[in-house]
Participant: 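The structure's right below; bear with me while I get my questions together.
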Amino acid sequence: MIERFLRIVGSHAISVLRTMGHMLLFLLNALYFVFTPPFKHRQLLREIRFIGAKSMTVILLMGSFTGMVLALQIFYTLRKVGSEAMLGPAIALSLIRELGPVLSALTITGRAGSALTAEIGIMRITEQIDALSAMALNPVRYLITPKIVAAIIVFPLLTSIFDVIGIYGGYLVGVKLLGLSSGTYFSEMEHFVDMQDIRIGLYKALTFGILVLWVCCYKGFYTGYGAEGVSKSTTNAVVMSSVLILISDYVLGSFFM
Amino acid sequence: MKKFDLELAVGFFLLIGIVCLGYISIKLGRLELVGVKHYVVYADFSKAGGIKPGSSVEIAGVDVGRVRSIALDKDYQALVGLEIEEKVKIQEDAIASIRTKGLIGESYIEITPGASDKFVPKNGKIRETESAIDIEDLIAKYAFGKV
């Protein structure tokens, strides 16, 4: 009885460990091709368009409404203690340090990550990846590396778009609707936000970018059989990326206080 | 036409992203790319409460630099290094004082200009200083009637 229990625990632990190792090797393999020519510029541009440019509308929407909601709720709380002047810093700091990186990463996971997993998964089950190998094109170099490089470029940029739009969304509600003075809103913000805060936000965005693309590409690249396998790995990829984003957000947040 | 479309989309996205990144770094993070030249002067305070590296230095309410370093010197005084914009000269008899914005706001250093003809040189010292006002101290004094 006990022996069987131990056996189950052991086999699970081994398989988890094996998957983790496999994932790490996959990432290292992809990163190796970042530094070795030939580089796939065209693919890179295409991925930047897909992950970045096409995510902009949804990032703009998310950013503006996040900023507006923050302004509304924080204003309501601050009014109780009579320090409405802190509205600007509160919005800017929470956007730049936390909400910007996390929400934009979650959005991109939902919009681009799932699509990438499905795309690579279908290429796998229809043997297009094998066809690439047969044509002596390294599939990792051709498919995965441009996506990861694109994520490294795109995530910080989308995060900063999110931050700026959020701050202006907050401005719209705080200043135009709730009647704070616009000078107070921006000058207090400039006083309280440091380069350190912005740097933390960007580190987070970079981390999430690599994490999301890593998980999504891995899940697609080693997908199961048939349509069911692809749908399963797409779901897995989105769930796992989202959980990892939130966990690593906490860890990074406690590292860089 | 298709090719042009790809480049246009990517270029547009990168441009907007970089503009936003620049905006938050330069406007909010006070990242100085094209550096206004600074020089450093020092000031001894008996208490540097609330001042951090990066706190602002003001003259007549105008931002002229920031605090660069805070260290303890031989006489157990807080030696604060101030980065001041090159074009702002500080007279030898200027007074550096630690103030707070509002009652519980952040601390900053206010320099009150003097009347001397001599200026503090690079890495020189502002002699006259006025330390942070300790509000708890004041309240205690008030409460025990020693004002």
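Throughout, a chain's letter reflects where its sequence line sits, starting with A, and its residues are numbered from 1.
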Participant: If you compare all heavy atoms of B/Val10 against all heavy atoms of A/Ile48, which two are closest, and at what distance to 0.1 Å?
Facilitator: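 Result for this residue pair: CG1-CG2, 3.8 Å.
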Participant: Please say whether more than 12 non-hydrogen atoms of neighbouring residues, nucleotides or ligands are located less than 6.0 Å from OH in A/Tyr142.
Facilitator: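 No, the 6.0 Å shell around OH holds no more than 12 heavy atoms from other groups.
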Participant: For A/Phe155, is it the side chain, the backbone, both or neither that has a heavy atom under 4.5 Å from a heavy atom of chain B?
Facilitator: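 Interface part for A/Phe155: neither.
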Participant: Would you say that more than 12 heavy atoms from the other residues, nucleotides or ligands in this model lie under 6.0 Å from the CZ of A/Arg111, or not?
Facilitator: yes
Participant: Check whether A/Ile165 gets within reach of chain B through its side chain, its backbone, both or neither, counting any heavy atom under 4.5 Å.
Facilitator: neither
Participant: Would you mind checking which part of A/Phe162 comes under 4.5 Å of any heavy atom in chain B, side chain (CB onward), backbone (N, CA, C, O), both or neither?
Facilitator: neither
Participant: Is B/Glu7 salt-bridged to A/Arg46, cutoff N-O under 4.0 Å?
Facilitator: no
Participant: Would you check, one step at a time, whether the test side-chain contact (heavy atoms from CB on, under 4.5 Å) holds for A/Leu202 with B/Leu21?
Facilitator: CA-CA 9 Å; A/Leu202 292 182; B/Leu21 185 61; 3.7 Å; yes
Participant: May I ask you to check whether over 12 heavy atoms, not counting those of B/Asp117, lie within 6.0 Å of atom CG?
Facilitator: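 Count not over threshold, so no.
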Participant: Hey, what do you get for CE (A/Met189) to CD1 (B/Ile24), rounding to the nearest 0.5 Å?
Facilitator: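 Answer for the CE-CD1 pair, A/Met189 versus B/Ile24, is 11.5 Å.
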Participant: Please check if atom NZ in B/Lys89 has more than 12 non-hydrogen atoms from other residues, nucleotides or ligands closer than 6.0 Å.
Facilitator: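 Counting neighbours around NZ of B/Lys89, more than 12 heavy atoms of other residues, nucleotides or ligands fall under 6.0 Å, so yes.
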Participant: Quick check: are there more than 12 heavy atoms from other residues, nucleotides or ligands sitting under 6.0 Å from CZ of B/Phe119?
Facilitator: yes
Participant: With a 4.5 Å heavy-atom cut-off, do B/Phe13 and A/Lys54 have their side chains touching?
Facilitator: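 No; the side chains remain at least 4.5 Å from each other.
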Participant: Give me the atom names and distance for the closest heavy-atom approach of B/Ala9 to A/Ala53.
Facilitator: O-CB, 3.8 Å
Participant: Drop me the distance from B/Ser25's OG to A/Ile96's CD1, to the nearest 0.5 angstrom.
Facilitator: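 Between atom OG of B/Ser25 and atom CD1 of A/Ile96 there are 9.0 Å.
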Participant: Minimum heavy-atom separation for B/Gly17 to A/Ser160, with atom names?
Facilitator: O-OG, 3.7 Å
